[in-house]
Amino acid sequence: MAAPTSPRAPPVDAGDISDHYMAASSSASSSADEMTPAPAPDALRTAYAGGGAYVPPGEAFAPTGGGGRSSSPVGRELGDDGADAPLMPFKVIPEYRVCGIKFNRRRRICLFVCCGVMLVLIAVAIPLLIFVIVPKIAQAALAAANLTLDSTSITNIGNTTFTFAANGSVTNAGFIDASVSFDNPVSVYWVQSDGTSVAIGQVPLPDLSVSGSTPKSGTITIDAATFTITDVDAMGTFAQSLVTSDSFTWRLVGTAHAKALGLTFNGISIDKSITLVGFDGFKDVSIESFNLPSSDPTKGITLNAVTRLGNPSVVTIEVGSLYFNADFMGAQIGTVSVTNVTLRPGDNFLNLTGYIKPIDENATELLSQFITYFVGGEAAPMTVINTNVICPNGPVTWLQKGLIGVSLTVSLSENALKLVSNISIPSLAVTFDPADTTGSRLKTSATVKANFKSPFDFSLSILEAAENLSFLDSTNTTFATLDVPFSPATSDQTAGTLSTSFTNATLAMVAGQDTSYQNFFKSLTLSSSYTVLVQGAVDAIANTAIGNLTINNVTLTEATTFKGLNGLSDIKVDSITVLSGSSAGIELQIVTTIQNPSVVSIDFGADITLYLQYNGEQLASVTLPKPKLVPGSNNVTATSLFNPSGSAAIAQGRALLSNFLGGETTEVSIVGTASSVPYTELKPTFDGLTITSSLPGQASQIVASTALAVEIPSTTATSALGIAYLYVNNPFQVALAIDHVVGEIRYNGVVLGSIDQDFTSSPLTVPSNSANYKVGPVTASVTLGMDALDLVVTALSSDSGTGTVQLNSTLVASVGDYTTTIDYAQDTI
């Protein structure tokens with residue numbers, strides 16, 4: 001390397017170096033034991049700042065740059081050109097070792113100075129640490145610590161004190177194990193929403209200890225500390241906030257002393273805030289059970305309810321007795337109370353008791369609505385407003401300030417109660433209005449009976465009831481409605497029955513539901529029974545100890561079975577009277593007994609026309625004038641016009657008249673058609689109506705007796721002409737004219753004679769309502785055979801001097817102006 005250009009020091013003699021080294025060795029030998037002699041001269045090599053090296057005496061110098069120069073016992077310094085140059089003179093300083101560390105004089109001086117400084121620093125720092133820094137650390141650790149209360153309780157409440165207990169924890173309490181003792185009870189401030197702190201009291205706190213892993217932590221346990229209230233009014237305001245707010249903050253202020261590291265530190269300031277969950281207005285409230293078990297004429301209806309009150313806070317508070325007004329929709333309907341209340345975190349079940357008694361008429365109406373909601377399964381929002389609180393030790397003004405006026409709203413609800421079931425309609429009356437030819441709106445009266453179950457146990461009787469009912473078809477579609485106004489009702493709470501009767505209700509068809517409406521009446525008329533689904537609601541006025549209450553909208557769904565008319569199959573014809581005859585036909589009066597097996601009364605309000613058939617042929621119309629059919633027997637007088645049309649019908653009409661006049665009973669059919677009624681909605685019913693009945697014969701015989709005179713021309717004659725007179729009964733209300741008679745007279749099966757006489761020019765007329773009316777003479781051809789004569793002589797020689805003959809005839813007769821042919825036979829004349 002290039003030699004430095006700075007001036008060189010004068011050379012040092014090797015002998016000087018040796019002398020210094022030996023002196024240093026001698027001096028070092030006289031030092032303390034820990035001092036060791038310096039190493040041999042070869043260890044005293046030192047670099048020269050300007051370049052080159054020191055070569056101890058006796059060693060040859062070997063230049064690194066070559067040149068082959070011989071060694072020299074004296075150290076040399078290399079010149080810039082590699083030539084020998086004399087070394088700069090320097091002083092050799094002896095070296096010492098302490099704990100293996102080389103110390104020379106300079107280092108010893110530095111060490112002594114440093115130790116002195118350290119001693120001064122320690123003398124100053126330790127008091128500073130103990131009396132200033134550590135307390136500051138403790139204060140900072142306490143300030144940074146987190147205080148949490150997991151549970152608190154307020155019991156034994158008085159106007160100026162209460163017992164306070166709590167459990168919690170201290171976390172993030174620094175890095176030193178320590179304990180804190182409070183000098184005096186801490187002051188408790190309530191921090192309001194605007195940040196203002198209001199002093200409310202003082203409470204002593206127990207010692208706190210923190211330990212364990214860093215950051216340190218510990219527990220807080222306050223057992224039955226006496227909380228002294230310093231401002232009763234502020235405490236009352238705090239109590240209001242505790243009840244209504246979702247959280248609150250207490251600020252704890254005081255002084256304490258701490259112990260750490262075996263030392264005690266006084267004068268530590270305490271200022272900690274703790275935030276706890278409030279009661280949040282007790283929003284989590286529900287009714288677990290509700291009953292009105294009895295009633296008192298003066299106090300009202302007894303109320304029992306189990307209320308679940310959720311407390312979201314960790315605060316337990318011993319309240320005592322609470323008193324409430326029970327309101328519904330702003331009106332007071334009763335009062336309730338609960339005793340021995342201690343509100344704990346979580347669910348609290350309170351047994352409320354009291355009385356329902358509205359304070360005015362408006363409250364009574366609202367109570368009716370409240371019960372309606374409850375019965376109908378709708379939410380009934382009841383509000384209970386605190387009116388007083390009495391702690392176990394007596395009234396406490398600050399707690400009253402906090403709780404009085406606090407309201408709790410609870411939704412009282414049940415599943416819809418089935419108060420009415422098993423509906424039956426023992427009687428139903430419908431009246432058709434002739435002005436409404438559709439028949440879609442009917443005046444209706446009925447008696448309705450049902451099972452009735454009150455949801456409450458207090459005395460209750462139904463005075464009136466109103467119904468709004470819907471009739472549903474097989475597809476659950478409403479085809480008719482029945483609106484029943486309030487009508488008298490009776491109930492038996494013990495037997496569980498309800499009965500009501502109503503008049504002038506309206507059964508109305510739902511527009512567009514003609515088919516189902518028509519089917520309802522068709523089934524009701526033609527079937528023995530018919531079941532229809534009835535849905536709707538019942539309104540009831542009930543008498544109670546607190547007056548009359550109206551319970552609305554009691555819903556019902558019932559399959560109700562009606563006994564049907566069974567096709568009016570039981571019709572008896574009691575009598576037939578011939579009234580008149582005209583070219584249109586024979587007018588008859590038919591007295592019938594119609595059995596109605598149903599519970600339905602029907603007032604048709606208009607004439608009903610049916611048709612009489614015999615052997616499938618229509619012979620007459622039968623008109624029921626504005627019939628009213630009630631359950632049971634109905635005597636109905638109908639009018640009929642006998643007017644068969646067509647050869648087949650005329651033949652069957654001739655047979656029917658012959659049976660009738662001959663006294664024979666004939667089975668006939670009475671059928672309806674769409675034209676039987678004027679009401680559109682009833683036409684399908686009558687179009688399918690067929691009634692089988694028996695038509696009785698004429699009770700009295702037409703020919704009461706005969707008188708026959710015969711002139712015998714000779715003893716050998718086999719026949720003769722006779723003159724006969726007939727004594728005729730005419731029960732008709734119109735004269736009977738015989739236009740032609742063709743027949744024969746028999747006696748015990750033997751033909752006595754025959755008649756064939758035309759009276760068209762001078763008919764044999766029998767007045768109406770005649771008995772034994774003599775008509776004649778009628779010319780008869782008499783057979784004079786021996787057998788016939790023997791029979792006649794035998795009959796005439798009897799005690800009575802009379803005999804009976806049989807008549808088989810065909811009559812052409814006119815009933816009024818109606819002429820018809822009749823086959824008439826009579827066995828006893």
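Positions are given from 1 along the sequence.
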Are [X] and [Y] side-chain neighbours, meaning at least one heavy-atom pair lies under 4.5 Å?
X      : Y      : answer
Leu292 : Asp457 : no
Leu612 : Leu656 : yes
Tyr355 : Leu303 : no
Ile576 : Phe660 : yes
Phe642 : Leu619 : yes
Ile356 : Leu367 : yes
Leu482 : Phe471 : yes
Lys626 : Asp607 : yes

From [X] [atom1] over to [Y] [atom2], what is the distance, rounded to the nearest 0.5 angstrom?
X      : Y      : atom1 : atom2 : value
Met509 : Leu507 : CE    : CG    : 10.5 Å
Ser601 : Asn596 : OG    : CG    : 7.0 Å
Glu587 : Tyr818 : CD    : OH    : 13.5 Å
Ile546 : Asp296 : CD1   : CG    : 11.5 Å
Ile462 : Phe452 : CD1   : CZ    : 4.0 Å
Leu549 : Gln369 : CG    : CD    : 12.5 Å

Intermediate values then yes/no, side-chain contact (heavy atoms from CB on, under 4.5 Å), Thr560 and Ile425: CA-CA 8 Å; Thr560 302; Ile425 302 180; 4.3 Å; yes
Heavy-atom pair of closest approach, residues [X] and [Y]:
X      : Y      : answer
Ala813 : Ile822 : CB-CD1, 4.4 Å
Thr500 : Ser487 : OG1-O, 3.9 Å
Ala363 : Ile333 : O-CG2, 3.9 Å
Phe686 : Ser676 : CB-CB, 4.0 Å
Ser768 : Asn730 : CA-ND2, 3.5 Å
Leu689 : Gly567 : CD1-O, 3.6 Å

Is a donor from one side chain sitting under 3.5 angstrom from an acceptor on the other, for [X] and [Y]?
X      : Y      : answer
Ser598 : Asn566 : no
Thr531 : Thr561 : yes
Ser814 : Thr819 : yes
Asn304 : Asn291 : no

Does [X] reach the main-chain N or O of [Y] with its side chain, forming a donor-acceptor pair under 3.5 Å?
X      : Y      : answer
Asn552 : Thr372 : no
Asp539 : Ala466 : no
Ser491 : Leu498 : no
Asn729 : Asn772 : yes
Asp433 : Thr437 : no
Lys683 : Val677 : yes
Ser770 : Val766 : no
Ser424 : Pro426 : no
Thr592 : Ile594 : no

Side chain to side chain donor-acceptor pair (under 3.5 Å) partners of residues 634-658, not counting sequence neighbours, each pair once: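 Sorted result for residues 634-658: Thr593-Asn635, Asn615-Gln652, Arg654-Asp823.
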Selection residues 515-524 - residue pairs positive for side chain to side chain donor-acceptor pair (under 3.5 Å), sequence neighbours left out: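 Of all non-adjacent pairs touching residues 515-524, those that pass side chain to side chain donor-acceptor pair (under 3.5 Å) are Asp473-Ser516, Gln518-Glu681.
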Contact list for residues 545-581, test ring-ring contact (aromatic ring centres under 6.0 Å, His included), sequence neighbours left out: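 Passing the test, one end in residues 545-581: no pairs.
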Listed once per pair and sorted, the ring-ring contact (aromatic ring centres under 6.0 Å, His included) pairs that draw on residues 524-561, sequence neighbours left out: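 For residues 524-561, and leaving out neighbouring residues, the ring-ring contact (aromatic ring centres under 6.0 Å, His included) pairs sorted by first residue read Phe520-Tyr530.
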Parallel, tilted or perpendicular, as decided by the 30° and 60° cut-offs, for the rings of Phe521 and Phe432: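 Rings of Phe432 and Phe521: tilted, 30 to 60°.
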Qualifying salt bridge (charged side-chain N to carboxylate O under 4.0 Å, His left out) pairs, either residue in residues 555-582, two or more places apart: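 Checked against salt bridge (charged side-chain N to carboxylate O under 4.0 Å, His left out) - neighbours excluded - the pairs reaching residues 555-582 are Lys418-Glu558.
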Stepwise side-chain contact (heavy atoms from CB on, under 4.5 Å) test for Thr577 and Ile590: CA-CA 6 Å; Thr577 301; Ile590 304 175; over 6 Å; no
Thr302/Ser294 under side-chain hydrogen bond (donor to acceptor under 3.5 Å, both in side chains): CA gap, chis, key distance, verdict: CA-CA 5 Å; Thr302 305; Ser294 60; 3.0 Å; yes
side-chain contact (heavy atoms from CB on, under 4.5 Å) assessment of Val668 paired with Gln613: CA-CA 6 Å; Val668 295; Gln613 291 183 353; over 6 Å; no
Step-by-step side-chain hydrogen bond (donor to acceptor under 3.5 Å, both in side chains) determination, Gln595 to Ser633: CA-CA 5 Å; Gln595 295 294 332; Ser633 295; 2.6 Å; yes
Intermediate values then yes/no, side-chain contact (heavy atoms from CB on, under 4.5 Å), Val734 and Val815: CA-CA 7 Å; Val734 62; Val815 179; 3.4 Å; yes
Those residues that, when tested against Ser427, pass side-chain hydrogen bond (donor to acceptor under 3.5 Å, both in side chains) (two or more places apart):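 With sequence neighbours excluded, Ser427 shows a side-chain hydrogen bond (donor to acceptor under 3.5 Å, both in side chains) to Thr447, given in chain and number order.
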